[in-house]
Amino acid sequence: MTRMIFINLPVGDVAVSTAFYEALGFEKNAQFSNENASAMVWSEAIQVMLLDHAFYSTFTDKKIIDAKTTSGALLCLTFEDKAAVDAIHEAARAAGGVEPRPIEDQGFMYGGAFEDPDGHTWETVWMDPAAANGSPP
């Protein structure tokens, strides 16, 4: 079985969050989605579960943070090239996302960060394959 990660995020409005992630290229898996949750597929191995606060609360007794004011996690997606990083940032801004850290070009590494409507931070990165394999940049 392929190893997978399911990232569960509390959201204020499942429909708004679903539309945002679809605008970024995630695909909704209707089999695991309803009015309380959307299963959003990024890749075969990475899926994001958007859970309304009431449903999210059934999995924890802890207080749900306000990701717009409190950082709970920094999530990072990798991309095949700089153009793909640019494209997802453009899509995030167009869909109402906030860009707390613009894209930086460090030569061997290229990326930035955007936030979804609930304030969850997604970092983006492309890294020169030679640098990623331990070769000097």
Side-chain angles (χ1 to χ4, degrees):
M1 178 178 196
T2 302
R3 290 180 183 238
M4 300 174 69
I5 184 167
F6 289 87
I7 300 166
N8 296 279
L9 299 176
V11 300
D13 186 317
V14 173
V16 167
S17 293
T18 300
F20 177 82
Y21 283 88
E22 287 177 327
L24 300 184
F26 285 72
E27 293 183 24
K28 182 178 174 182
N29 180 341
Q31 182 179 0
F32 298 105
S33 301
N34 58 34
E35 66 280 351
N36 298 315
S38 282
M40 306 303 294
V41 179
W42 173 254
S43 71
E44 182 179 315
I46 302 170
Q47 299 193 31
V48 177
M49 298 297 298
L50 305 171
L51 310 176
D52 75 13
H53 284 213
F55 188 48
Y56 186 95
S57 293
T58 65
F59 298 100
T60 182
D61 292 330
K62 294 181 180 181
K63 180 180 175 184
I64 297 173
I65 66 163
D66 177 353
K68 291 182 180 181
T69 62
T70 306
S71 180
L74 296 173
L75 309 164
C76 185
L77 297 171
T78 61
F79 294 87
E80 62 277 1
D81 55 35
K82 292 178 180 182
V85 172
D86 290 340
I88 198 162
H89 276 257
E90 183 178 322
R93 288 189 306 269
V98 175
E99 195 174 44
R101 193 172 71 252
I103 295 170
E104 282 186 62
D105 189 344
Q106 299 176 9
F108 71 97
M109 196 164 57
Y110 183 86
F114 64 84
E115 294 179 357
D116 72 9
D118 290 278
H120 301 290
T121 302
W122 289 90
E123 295 184 329
T124 58
V125 69
W126 165 84
M127 188 177 295
D128 182 308
N133 291 327
S135 302

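Starting from 1, each residue takes its place in the sequence as its number.
Rounding to the nearest 0.5 Å places CH2 of Trp42 at 13.0 Å from CD of Gln47. Here Leu9 contributes atom CG and His120 contributes atom NE2; the two are 4.5 Å apart, rounded to the nearest 0.5 Å. Taking CD of Glu80 as the reference point, atom CH2 of Trp126 lies at 11.5 Å (rounded to 0.5 Å). Atom OG of residue Ser38 and atom CD of residue Glu27 lie 13.5 Å apart, to the nearest 0.5 angstrom. Here CE of Met49 is found 10.5 Å from CG of Asn36. Values are rounded to the nearest 0.5 Å. Taking CG from Asn34 and CZ from Phe55, the interatomic distance works out to 6.5 Å, rounded to the nearest 0.5 Å.
Side chains of Tyr110 and Asp86: a donor on one and an acceptor on the other come within 3.5 Å. Using a 3.5 Å distance cut-off with no hydrogens or angles, the side chains of Glu99 and His89 do pair a donor with an acceptor. Side-chain contact annotation: Asp116 with Tyr21, donor-acceptor N/O pair under 3.5 Å present.
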Exercise for the section: Could you please spell out the steps behind the side chain to side chain contact (heavy atoms under 4.5 Å, CB included) verdict for Ile88 and Thr124? Expected result: CA-CA 9 Å; Ile88 198 162; Thr124 58; 3.9 Å; yes
Exercise for the section: Let me see the working for Asp105 and Lys82 under side chain to side chain contact (heavy atoms under 4.5 Å, CB included), right down to the final yes or no. Expected result: CA-CA 9 Å; Asp105 189 344; Lys82 292 178 180 182; 3.2 Å; yes
Exercise for the section: Any chance you could lay out the side chain to side chain contact (heavy atoms under 4.5 Å, CB included) test for Lys28 and Thr18, step after step, and finish with the verdict? Expected result: CA-CA 8 Å; Lys28 182 178 174 182; Thr18 300; 3.9 Å; yes
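Side-chain contact between Ser71 and Thr121 is absent, with no heavy-atom pair separated by less than 4.5 Å. The shortest distance between side-chain heavy atoms of Asn8 and Phe59 does not fall below 4.5 Å. Between Leu51 and Val11 there is no side-chain heavy-atom pair separated by less than 4.5 Å. A 4.5 Å side-chain heavy-atom check between Cys76 and Val125 finds at least one atom pair inside the cut-off. Side-chain contact between Leu24 and Trp122 is absent, with no heavy-atom pair separated by less than 4.5 Å. Proximity of Leu75 to Ile7: side-chain heavy atoms (C-beta onward) are separated by under 4.5 Å at one or more points. Proximity of Glu115 to Pro100: side-chain heavy atoms (C-beta onward) are separated by under 4.5 Å at one or more points. Side chains of Met40 and Glu22 form a contact here, defined as non-hydrogen atoms less than 4.5 Å apart.
For the residue pair Asp52 and Glu35, the shortest heavy atom distance occurs at OD2-O, 4.2 Å. Closest approach of Ala84 and Asp81 over heavy atoms only: N-OD1, 2.8 Å. Minimum interatomic distance between Ala23 and Ala91 (heavy atoms only, all atoms of both residues): O-CB, 3.5 Å. Shown here for Gly72 and Ile65, the closest heavy-atom pair between the two residues is N-CD1, 3.6 Å. Closest of all the heavy-atom pairs between Phe20 and Pro117 is CG-CD, 3.5 Å.
Heavy-atom neighbours of Glu90 CD from other residues, nucleotides or ligands within 6.0 Å: at or below the threshold of 12. Atom CD of Glu44 is surrounded by 12 or fewer heavy atoms from other residues, nucleotides or ligands within 6.0 Å. The number of heavy atoms from other shown groups lying within 6.0 Å of CD (Glu123) is above 12.
Within the 3.5 Å criterion, the main-chain N or O of Asp66 finds a donor-acceptor partner in the side chain of Thr69.
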